[in-house]
Engineer: 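The structure that follows is given in the form of structure tokens.
Side-chain atoms are counted along with the backbone in the values below, which use heavy atoms only and exclude waters and symmetry mates. Nothing here was measured: the structure is a model prediction, and the numbers come from that model.
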Amino acid sequence: MAVETIDPAGLPKPYGWRQLAVGTGSRVIFLSGQTPRTADGEPVGTGDLAAQTEQIYLNIATGLAEAGATFDDVLRLTMYVVDWSLDKWEAITAGAERAAATLGADVVRPTTLVGVATLAEPDFLIEIEATAIAG
């Protein structure tokens, strides 16, 4: 396995992410921020943070597959969320869980969440980028 996730003693227990990922591999993969659009460019989940999050995780899996990787190879995720407030975490988690069920994958990784005023398009509520390492 290229990535080992760890929640070290002495750090706060995470809820919905991991504290640490250790990667061993020879190829680093940087996946640009994914948005809630299908392969045809159609928007998904206008006004629905959970639906947008789910689509983004599916898009990340598609991008990783093209690079010969899976979520098992993801070192970290960075989430950009419009008008962030803690009450939005439940919707993000619900979308991630639905994507995980569809993919049959563990999508919980070290994650940084950044609240932003806006994203590239006005209907985007969230954007997620991924960094992975593969064999």
Engineer: Any side-chain heavy atom of L113 within less than 4.5 Å of one from W17?
Structural biologist: no

Engineer: Which distance, rounded to the nearest 0.5 Å, do you find between the CZ of F30 and the CD1 of I133?
Structural biologist: 9.0 Å

Engineer: Can you name the closest pair of heavy atoms from Q19 and P8 and give their distance?
Structural biologist: CB-CD, 3.8 Å

Engineer: Quick check against the 3.5 Å criterion: does S26 have a side-chain atom that pairs as donor or acceptor with the backbone of G135?
Structural biologist: yes

Engineer: Can you measure from CG (L31) to OG1 (T78) and round to the nearest 0.5 angstrom?
Structural biologist: 11.0 Å

Engineer: Distance check, rounded to the nearest 0.5 Å: T35 atom OG1 versus L125 atom CG?
Structural biologist: 11.5 Å

Engineer: About how many Å separate CD1 of I92 and OG1 of T111, when rounded to the nearest 0.5 Å?
Structural biologist: 10.0 Å

Engineer: For V3 and D73, work out which heavy atoms get closest and say how close.
Structural biologist: CG2-O, 3.3 Å

Engineer: What are the two closest heavy atoms between A69 and I29, and how far apart are they?
Structural biologist: CB-CD1, 3.7 Å

Engineer: Evaluate the side-chain proximity of T62 to L58: yes if any heavy-atom separation is below 4.5 Å, no if none is.
Structural biologist: no

Engineer: So which heavy atom on I126 is nearest to which on M79, and how close?
Structural biologist: CD1-SD, 4.4 Å

Engineer: Using residues 42-51 as the side-chain source, report each donor-acceptor pair under 3.5 Å to any protein atom, sequence neighbours left out, with the distance given to one decimal.
Structural biologist:
from: D48; atom 1: OD1; to: A50; atom 2: N; distance (Å): 3.2
from: D48; atom 1: OD1; to: A51; atom 2: N; distance (Å): 3.1

Engineer: Please find the pair of heavy atoms, one from A130 and one from L77, that lie closest to each other, and give the distance.
Structural biologist: CB-CD2, 3.7 Å

Engineer: Distance from Q55 atom CD to I60 atom CD1, nearest 0.5 Å?
Structural biologist: 10.5 Å

Engineer: Are any of the side-chain heavy atoms of K13 and D7 separated by less than 4.5 Å?
Structural biologist: no

Engineer: Please write out which residues are connected to L119 in a hydrophobic cluster, directly or through intermediates, given that two of Ile, Leu, Val, Met, Phe, Trp, Tyr count as joined at side-chain heavy-atom separations below 4.5 angstrom.
Structural biologist: Y80, V82, V114, V116, F124

Engineer: For L64 and F71, run side-chain contact (heavy atoms from CB on, under 4.5 Å): C-alpha distance rounded to whole Å, both residues' side-chain angles, the deciding distance at 0.1 Å, then the answer.
Structural biologist: CA-CA 7 Å; L64 291 170; F71 263 96; 4.2 Å; yes

Engineer: Just by modelled atom types, is the V74 backbone N or O under 3.5 Å from a matching donor or acceptor in the R109 side chain?
Structural biologist: yes

Engineer: Over all heavy atoms of both residues, which pair between A100 and V107 is shortest? Give the atoms and the distance, please.
Structural biologist: CB-CG2, 4.0 Å

Engineer: Tell me the salt bridge (Lys or Arg N to Asp or Glu O under 4.0 Å) pairs involving residues 116-135, sequence neighbours left out?
Structural biologist: R37-E121

